[in-house]
Amino acid sequence: MPDTSFFPRGAGLTVGEIAGLTGAELGAGTEPGIRLTGIGALDLAGRDDLSFFDNPRYAGQLAATRAGCVLVASKYLPLLPEGLPHLVAANVPAAFAVVGREFYPAARTPSAVLPSLGISPRAEVDPTAEIEDDVTIEAFAVVGPGARIGRGTIVSPGAVIAGGCAIGRDCRIGAQVVLSNALLGNRVILHPGVKIGQDGFGYVPGRAGLDKVVQIGRVVIQDDVEIGANAAIDRGAIRDTVIGEGTKIDNQVQIGHNVAVGRHSVIVSQVGISGSSTVGDGVMIGGQAGITGHVTIGDGAQLAALSGVATDVPKGARWGGIPARPVREWLREVRFLTELAKKGRSPRNERND
Amino acid sequence: MPDTSFFPRGAGLTVGEIAGLTGAELGAGTEPGIRLTGIGALDLAGRDDLSFFDNPRYAGQLAATRAGCVLVASKYLPLLPEGLPHLVAANVPAAFAVVGREFYPAARTPSAVLPSLGISPRAEVDPTAEIEDDVTIEAFAVVGPGARIGRGTIVSPGAVIAGGCAIGRDCRIGAQVVLSNALLGNRVILHPGVKIGQDGFGYVPGRAGLDKVVQIGRVVIQDDVEIGANAAIDRGAIRDTVIGEGTKIDNQVQIGHNVAVGRHSVIVSQVGISGSSTVGDGVMIGGQAGITGHVTIGDGAQLAALSGVATDVPKGARWGGIPARPVREWLREVRFLTELAKKGRSPRNERND
Amino acid sequence: MPDTSFFPRGAGLTVGEIAGLTGAELGAGTEPGIRLTGIGALDLAGRDDLSFFDNPRYAGQLAATRAGCVLVASKYLPLLPEGLPHLVAANVPAAFAVVGREFYPAARTPSAVLPSLGISPRAEVDPTAEIEDDVTIEAFAVVGPGARIGRGTIVSPGAVIAGGCAIGRDCRIGAQVVLSNALLGNRVILHPGVKIGQDGFGYVPGRAGLDKVVQIGRVVIQDDVEIGANAAIDRGAIRDTVIGEGTKIDNQVQIGHNVAVGRHSVIVSQVGISGSSTVGDGVMIGGQAGITGHVTIGDGAQLAALSGVATDVPKGARWGGIPARPVREWLREVRFLTELAKKGRSPRNERND
């Protein structure tokens, strides 16, 4: 396999070292001294790559793989072609992820666009901003008065940090991010084009049209949050919009004013969360789901992609559909209607009508 | 309450002055001389803050509030804790909004990112652009040939105003807005990342693939329109895309070529309106709704969040569902199916099958 | 009609020349020497404009049009007002598109924002970047180390091309596009705000929260692809994300890691395609549709707007609904439920319950 990745390989690890690192067990007949330097999909991996097998759908690729070693769950051992070096792991994706981070440290967090570190002479940084050491601010970025930026943070080209914002340490502020009325913790990653802290959407009917409801809250983003490209998070009206520690938010998500999202939740692409709703800890929200305002999604709840949540969702519940209800009920109704409509067309049924 | 807002308080108003300003009536036993300087939610407001109560869901917070005064509708007076200063208003949200705008004038419209007004030496402004007095163009903004910008307008960092565009007075052009082939009225607010005037999406099958249909129309945005972060409005193909006076558009909305939106309509986040459709005056479109091309949404219609509109919608109608139909019918069908599916599982019913 | 387009007219063509160019036939009594210089909608076109009629909905406009000539299908000839010059075309939209491209060559592709070509002194271009002749890089654009940009390409203000990216010839990189880990073919158009090549969305549960799965793949965009404003395409995890030749993608579309889209497909606004799914050639995906991960959409399939695809879709199939199924079944079920719910309310039925 020609190496086409933008991320360079290092010295790698031996299969034995990988076993130690991940807790996986060396497969029968697998030589611990094999050295691997990269990771790859079954159909693309070469002799220097670790691959993984976790989905029977790809059994054909497993049979034909040229990977140097494969991570596999014990239940799939019978599918392994003879002689293929392998490691047996209880949690294959987790073990594979550990190795990936080890092999490609540069891929753990976004890097600066330009090679020169420090503050670019072509950035516009207000003299009252407080910038710690070891901060990189790239060309054409703007930092407003009184903004604070912590050590190890990179502000990419064209990003705008408005006055008074605080950014913690080791953050990555992507190109063309706009940040206002916001406080960020440490190790926060904002991908390109994220817009945080603009006005929430609030109006009341007035004499000559719609009058604005002022939005005087902030956006508070806790440690280790990651937010995807072109997502938008509005500042609160009269409280803060809050994204809890470790929560991961995908591209183009929209989060309205006053929303509070808990810790370690996952919000997939194009989800919209309306104003003043609360999302608990460990919640998973599928792509394009929409949540109405002033509702609560309990801890650990899971919402199916494209669902439309109009009411509170209990802790740990799995909901889907529009309007959202327990997934099991929703899918049963879908199937039920399908069956019914089929029968509805039968001659017998038509006679009964 | 520690004051955490990015918006400074001023001298404030007395409760008596607030009554005069909003038309609210002084509550029984409420001292008109109490001076307030801020607004806050019931659970966060302190002695210097005006709060409001408008939703019985928050009765617990009302009982415990430490706000200096509360705006309340007369029907909720029995829920007020004894001794809490209050103002009785016919329309509580509207009165609260009036006070908010009075207390926080800086929150009425987005402000410049950097403190220096005028045209930044680090902006790129074509010499043929016509810029009125009292315009601010911040660092790294670009203004193309022949563009016109009216008095009092602020163009934020990184915004791009392409050649020939006209922007009225007192507009706010957010960071990283891109504007081409567009005419804007006065007091238009474009939040960060809005993209206006790019090609509409039009192709015809050609010999070697899809051939572009040229898009030679414009985008016309009338007075007092506000458009949310990362929204996109395409220019027309052979007519203009038009957004009517006073219409408010939320983040990430997509509006296709030739669409005409009327006056004082409200379009919530992530809505998509396909090409050549017409939206009337005073229409409300819920989040994530989608409207197909070449249909008409009548004046005053309301479309539920996540609805999918495939046909014309009559004036004043309330529609929802996919495909959209009158909300009442849609919800009745949803409930009907739920009931039916429940019965469908019962042993008796299964025997009948 | 006052000429309000941002695109100037040229010398135009005679009706006879248009017939030759498009293969249309000169209508009865139509003078081949009439010279036209622009295109317009029936209700807006003037004596110098070509218009077209293709939808009986606009018969009223046809009757009243002041266009200099109208393209029309033979089946609609009876609707033509007497004396209106016309051309009869087998494929009216295609013929109209040909003329539009001929009349307005400047509208075929986006142009530079500023008049000066070449590399702006206010762009930041790494000295190791390889820029061919006849490339325009506008103010405040950034080009990283080792990036390559082909002849005839325009990089607009504020665009960021990260290190190692390759862009082919005659491409248009819109304002505030961010490109990383990506290879682009020739004649690719990226509208403003497109974000390509950021991290895919991958995490595994770890000890202290969610751990990142490194994303070491690329984004490969083939010739003649066009991508709409504020769209986002993530780079692959352990393979590439690929957009095939000639495919057209509308505004705000989201494409996840490892997705492969085929050739000459059309993806309408706000669609989301989840990781590792495959979309064939000539596929049409309606607005706001969502596709789950690891599924395959067969060549030539058509997905209705707002559909939610949870399984593979066969070649040439037309699917819709949530979860998606054949459009005919889906719509039949919708109608069936509507009928059933109506009956369900009837007194007779209630007695039977």
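The chains referred to below are lettered A, B, ... by the order of the sequence lines, with proteins before strands, and numbering in each begins at 1. Computed from a prediction, not measured in an experiment: that's the story for all the values here.
In this structure, CD in C:Gln288 is found 8.5 Å from CD1 in B:Ile322, a value given to the nearest 0.5 Å. Expressed to the nearest 0.5 Å, how far CG of B:Asp234 lies from OG of C:Ser269 amounts to 8.0 Å. Rounded to the nearest 0.5 angstrom, C:Phe6 CZ and B:Leu183 CG are separated by 5.0 Å. In this structure, CD in C:Glu226 is found 10.0 Å from CG in B:Leu210, a value given to the nearest 0.5 Å. To the nearest 0.5 angstrom, C:Leu114 atom CG is 6.5 Å from B:Asp126 atom CG.
With hydrogens and angles ignored, the 3.5 Å screen pairs a side-chain donor or acceptor of C:Asn230 with a backbone N or O of B:Asn230. Between the side chain of C:Gln176 and the backbone N or O of B:Gly158 there is at least one donor-acceptor pair closer than 3.5 Å. In this structure a side-chain-to-backbone donor-acceptor pair under 3.5 Å is present from C:Arg101 to B:Lys212. For C:Gln252 (side chain) and B:Gln252 (main-chain N/O), a donor-acceptor pair under 3.5 Å exists by modelled atom type. Not a single donor-acceptor pair under 3.5 Å links the side chain of C:Ser5 to the backbone N or O of B:Gly217.
C:Ser265 touches chain B through its backbone: at least one of N, CA, C or O sits under 4.5 Å from a heavy atom, while the side chain does not. Residue contact with chain B, scored on non-hydrogen atoms closer than 4.5 Å, involves the side chain of C:Arg57 exclusively. Looking at C:Ala305, there are no atoms closer than 4.5 Å to chain B (heavy atoms on both sides), in backbone or side chain. C:Ile267 touches chain B through its backbone: at least one of N, CA, C or O sits under 4.5 Å from a heavy atom, while the side chain does not. C:His264 touches chain B through backbone and side chain together, each having a heavy atom under 4.5 Å away. Heavy atoms of B:Ala129 lying under 4.5 Å from chain C are absent altogether.
Annotation: side chain of C:Phe103 is not in contact with side chain of B:Val214 (no heavy-atom distance under 4.5 Å). Counting heavy atoms from C-beta on, the side chains of B:Val213 and C:Pro93 never come closer than 4.5 Å.
In terms of heavy atoms, C:Leu340 sits closest to B:Phe336 at O-CZ, 3.5 Å. Heavy-atom minimum distance, B:Gln215 versus C:Phe7: O-CE1, 3.4 Å. The minimum heavy-atom distance between B:Pro145 and C:Val113, with the atom names listed, is CD-O, 3.6 Å. Considering all non-hydrogen atoms of both residues, C:Asn251 and B:Gln198 come closest at ND2-NE2, 3.9 Å. Residue C:Leu44 comes nearest to B:Ile238 through the heavy atom pair CD1-O, 3.8 Å, listed as atom of the first residue, atom of the second, then distance.
The candidate with the highest count of non-hydrogen atom pairs below 4.5 Å against chain B, out of C:Gly246, C:Ala97, C:Pro192, C:Ala229, is C:Pro192.
For B:Arg122, the side chain to side chain donor-acceptor pair (under 3.5 Å) criterion is met by A:Glu124, not counting sequence neighbours. Qualifying ring-ring contact (aromatic ring centres under 6.0 Å, His included) partners for C:Phe52, counting only residues two or more places apart in sequence or in other chains: C:Phe96.
Salt bridge C:Lys342/B:Glu329: absent, no basic N to carboxylate O contact under 4.0 Å.
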Inset, instruction - Determine, step by step, whether C:Tyr58 and B:His294 satisfy the side-chain hydrogen bond (donor to acceptor under 3.5 Å, both in side chains) criterion, reporting the C-alpha distance in whole Å, the side-chain angles of both residues, the deciding distance to 0.1 Å, and the verdict. - result: CA-CA 11 Å; C:Tyr58 299 111; B:His294 294 273; 3.1 Å; yes
